[in-house]
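In what follows, a structure is listed as structure tokens, so that the remarks can point back to it.
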Protein chains: 2
Amino acid sequence: MLRTLPKPDATMLRRLAMFQGLDEAALRDVLGAGQVRALAEGSTIFIQGDPGTTCHLLLSGRVKIQQTGADGRQSVIRFIGPEEMYGTLAMFLKGGYPGDAVAVTDGVEIVWSAQAMRALMHRHPQIAQNALAMLGDRLQDLQSRVGELSTQRVESRLAHAILRLVEQAGRPRDGRVVIDFPLTRRDLAEMTGTTLHTVSRTLSAWEGRGIVEGGHRRKLVVLDVPALKAVVEEER
Amino acid sequence: MLRTLPKPDATMLRRLAMFQGLDEAALRDVLGAGQVRALAEGSTIFIQGDPGTTCHLLLSGRVKIQQTGADGRQSVIRFIGPEEMYGTLAMFLKGGYPGDAVAVTDGVEIVWSAQAMRALMHRHPQIAQNALAMLGDRLQDLQSRVGELSTQRVESRLAHAILRLVEQAGRPRDGRVVIDFPLTRRDLAEMTGTTLHTVSRTLSAWEGRGIVEGGHRRKLVVLDVPALKAVVEEER
DNA sequence: CGACGACGTTGCGCTGGCGCAAACGCGCGC
DNA sequence: GCGCGCGTTTGCGCCAGCGCAACGTCGTCG
């Protein structure tokens with residue numbers, strides 16, 4: 001598993017927000033500083049609280065970031081898809097990684113040591129600028145979620161969460177949208193701040209109305225995206 | 001109001017996380033690029049959605065950052081106290097300022113244009129690094145609040161919010177802690193994602209138990225900090 | 001191939017907290 | 001000094017959603 005895999009083309013990095021505005025040579029420099037490795041489904045990549053010593057770029061597969069609160073309650077912070085970075089800010093945080101990272105499917109990623117990334121940022125200040133902009137976006141996103149959590153009701157929040165997943169990981173397939181990685185009711189509950197019971201009930205109701213189709217685990221099919229959007233908009 | 005006021009000592013900046021690790025000359029450079037100005041109670045400093053063209057450092061007084069959601073619902077993001085910066089990330093955000101900033105008391109601040117701040121970051125890369133670390137902290141804080149909002153109940157959230165205020169703006173006064181800037185029940189409600197009714201009820205209850213003392217508006221006195229902490233910890 | 005375990009579904013009762021509504025008190029402006 | 005208005009308090013009814021619990025279903029491993 002720790003065997004080094006062949007590296008992808010440096011031009012791939014150009015698509016990433018993190019490496020915007022870098023020239024060819026810089027991209028090769030960036031790529032050269034990282035290690036490619038495989039991720040096995042279910043394996044833990046880093047653990048909440050550990051000092052942030054790595055930066056990750058997922059090439060394929062899917063990774064779940066989850067947090068355990070002081071009271072032991074879990075919450076799912078986000079899902080990472082191909083060509084997304086994660087664990088990047090931990091190197092700047094006193095508390096280390098803010099959550100656990102677990103591979104929910106097999107996958108491949110590039111890893112940089114925090115040291116290497118710091119050196120890269122030093123050699124190419126544009127990266128730090130980009131990181132700042134990305135963090136800003138994340139912050140904004142989180143802030144909107146705070147607003148959402150406190151004002152919307154469960155149904156809206158769930159609809160919103162699923163729409164995010166559709167946006168990020170949805171695979172259109174003759175009119176429907178398929179989210180085909182292991183996504184439990186518990187995950188959805190922890191993403192929306194509710195219980196798996198309520199998620200199950202709501203999803204059942206939607207299934208009855210032809211909005212979604214819940215395969216039993218590891219698959220969620222959205223039949224009617226507009227209907228979900230309607231649920232989000234729904235005034236109380 | 002737009003009259004330029006005398007600038008404070010450059011060494012003051014050294015206390016700020018944003019300017020850690022800068023030498024004397026750099027601090028003077030930073031200070032020189034900003035403008036000092038007065039803030040009148042009730043005045044609006046910037047408006048949600050406007051392009052982020054300024055960075056602010058509050059010297060005295062108190063500023064409230066609030067957000068209006070798509071559904072028109074308001075939420076209070078945070079309160080700014082002396083020696084805190086705000087509006088700093090808006091220059092990196094596509095959406096401009098993420099919220100409105102309103103002075104809740106008279107005050108004095110330093111303002112930099114986004115241009116000037118960008119130039120400063122370019123001349124002193126350490127500032128960008130510091131900004132990254134600060135953003136990271138903010139992100140972490142927000143993430144914990146997301147968890148809190150979704151799992152804790154109103155009472156805990158309210159207690160937590162008040163404790164934050166005590167921490168940040170509390171003035172110890174013979175055993176009690178006084179928060180002496182205009183803080184309405186509505187503000188507290190919008191900070192904790194509840195209604196002013198529930199806040200009022202809860203505060204009344206606490207008043208009965210000798211935990212707080214609610215002056216009618218513009219003042220909140222916390223008599224028993226440990227009791228509040230106990231409320232936060234309280235298992236369901 | 002049978003049993004176990006993880007995940008999902010559903011019913012039921014309870015309650016925290018919201019919406020509505022009315023009354024009150026403090027401070028401000030006239 | 002008087003009245004008006006904002007902020008607050010409090011009562012009441014209601015319902016979304018949680019906790020508990022039992023049951024169903026699928027995948028897996030011995």
Side-chain angles (χ1 to χ4, degrees), chain A residues 41-42 64 71-76 102 104 148-159 161-162 179 181-209 212-221 231 234-236, chain B residues 41-42 64 71-76 102 104-105 148-159 161-162 179-209 212-221 231 234-236:
Chain A
E41 175 171 340
K64 177 168 70 173
D71 55 353
R73 221 169 278 262
Q74 301 256 99
S75 47
V76 173
V102 181
V104 294
E148 185 184 315
L149 266 178
S150 49
T151 63
Q152 312 279 91
R153 63 171 140 223
V154 168
E155 215 184 11
S156 298
R157 275 150 40 194
L158 187 56
I162 294 180
I179 298 169
F181 61 88
L183 179 71
T184 66
R185 309 288 142 152
R186 169 173 284 271
D187 287 331
L188 283 171
E190 287 173 0
M191 291 174 73
T192 50
T194 182
T195 63
L196 67 166
H197 307 276
T198 303
V199 170
S200 183
R201 272 182 263 267
T202 308
L203 249 41
S204 294
W206 287 349
E207 202 155 349
R209 288 165 53 192
V212 301
E213 213 175 270
H216 187 78
R217 186 195 197 185
R218 13 194 113 228
K219 192 173 289 187
L220 181 66
V221 184
V231 170
E234 222 162 66
E235 221 45 39
R236 65 178 48 233
Chain B
E41 175 172 339
K64 177 167 70 172
D71 55 354
R73 220 169 279 262
Q74 301 256 97
S75 45
V76 173
V102 180
V104 294
T105 66
E148 183 184 316
L149 266 177
S150 48
T151 62
Q152 312 280 90
R153 65 169 137 222
V154 168
E155 214 184 14
S156 298
R157 277 154 34 198
L158 188 55
I162 293 181
I179 299 170
D180 61 352
F181 62 88
L183 179 72
T184 65
R185 311 289 143 157
R186 170 173 284 271
D187 286 332
L188 284 171
E190 286 172 1
M191 291 174 74
T192 49
T194 182
T195 63
L196 67 165
H197 306 276
T198 303
V199 170
S200 182
R201 271 182 262 266
T202 309
L203 249 40
S204 293
W206 286 349
E207 202 156 347
R209 287 166 53 193
V212 301
E213 212 175 86
H216 186 78
R217 188 194 197 182
R218 13 194 115 228
K219 191 172 289 185
L220 182 65
V221 183
V231 170
E234 221 163 65
E235 221 45 41
R236 67 179 48 235

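Atom set for the values below is all heavy atoms of this structure, side chains included, hydrogens, waters and symmetry mates excluded. So you know, we letter chains A, B, ... as the sequences are listed, proteins then strands, and number each from 1. The structure displayed is predicted, hence computed values, not measured ones.
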Measure CD/Glu213(B) against P/dT8(D) and give the value in whole Å, please. 16 Å
Here the distance between atom P of dG27(C) and atom CD of Glu41(B), to the nearest Å, is 14 Å
With no angle test and no hydrogens, is the base of dG8(C) tied to the side chain of Arg201(A) by a donor-acceptor pair under 3.5 Å? no
Measure the distance from CG on Leu196(B) to P on dG17(C) and round it to the nearest whole Å. 15 Å
When rounded to the nearest 0.5 Å, the distance separating CZ of Arg185(A) from OG of Ser204(A) is 7.0 Å
Residue Thr198(A), side-chain heavy atoms: nucleotide from dG17(C), dG7(D), dC18(D) that is nearest: dC18(D)
Quickly work out the Asp187(A) CG to dC7(C) P distance and round it to whole Å. 9 Å
Report which part of the nucleic acid Ser200(A) touches: base, sugar-phosphate, or nothing (heavy-atom distance under 4.0 Å, all strands). base
Taking only N and O in the side chain of Arg185(B), is any of them less than 4.0 Å away from OP1 or OP2 of dT9(D)? yes
Please find the pair of heavy atoms, one from Leu196(B) and one from Ala189(B), that lie closest to each other, and give the distance. N-CB, 3.5 Å
Estimated bend of the helix from dC1(C)-dG30(D) to dC30(C)-dG1(D) (axis per five terminal pairs, rounded to 10 degrees): 40°
Among dC18(D), dG8(C), dG16(C), which nucleotide sits nearest the side chain of Arg153(B)? dG16(C)
Establish whether the base of dT10(C) is bridged to the side chain of His197(A) by a donor-acceptor pair shorter than 3.5 Å. yes
Step by step, work out the side-chain contact (heavy atoms from CB on, under 4.5 Å) result for Asp180(B) and Leu220(B). CA-CA 7 Å; Asp180(B) 61 352; Leu220(B) 182 65; over 6 Å; no
Would Leu203(B) and Ile162(B) satisfy side-chain contact (heavy atoms from CB on, under 4.5 Å), going step by step from the backbone distance to the final call? CA-CA 11 Å; Leu203(B) 249 40; Ile162(B) 293 181; 4.1 Å; yes
Would you indicate, yes or no, if dC18(D) has its OP1 or OP2 atom less than 4.0 angstrom from a side-chain nitrogen or oxygen of Thr195(A)? yes
Quick one: does any side-chain atom of Arg157(A) pair with a main-chain N or O of Gly193(A) as donor and acceptor, under 3.5 Å? yes
OP1 or OP2 of dT8(D) sitting under 4.0 Å from any side-chain N/O of Ser204(B)? no
Without decimals, in angstroms, what is the distance between Glu207(A) CD and dT25(D) P? 14 Å
Check the pair Trp206(B), Glu213(B) against side-chain contact (heavy atoms from CB on, under 4.5 Å), reporting the backbone distance first and the verdict last. CA-CA 8 Å; Trp206(B) 286 349; Glu213(B) 212 175 86; over 6 Å; no
note: Leu158(B), atom CG; dG17(C), atom C1'; distance rounded to Å ~ 13 Å
CD of Glu155(A) versus P of dC18(D): gap in Å, rounded? 12 Å
Send over the distance from Leu149(B) CG to dG17(C) C1', rounded to a whole Å. 15 Å
Go through the steps to decide whether Val76(B) and Lys64(B) satisfy the test side-chain contact (heavy atoms from CB on, under 4.5 Å), and finish with yes or no. CA-CA 7 Å; Val76(B) 173; Lys64(B) 177 167 70 172; 4.1 Å; yes
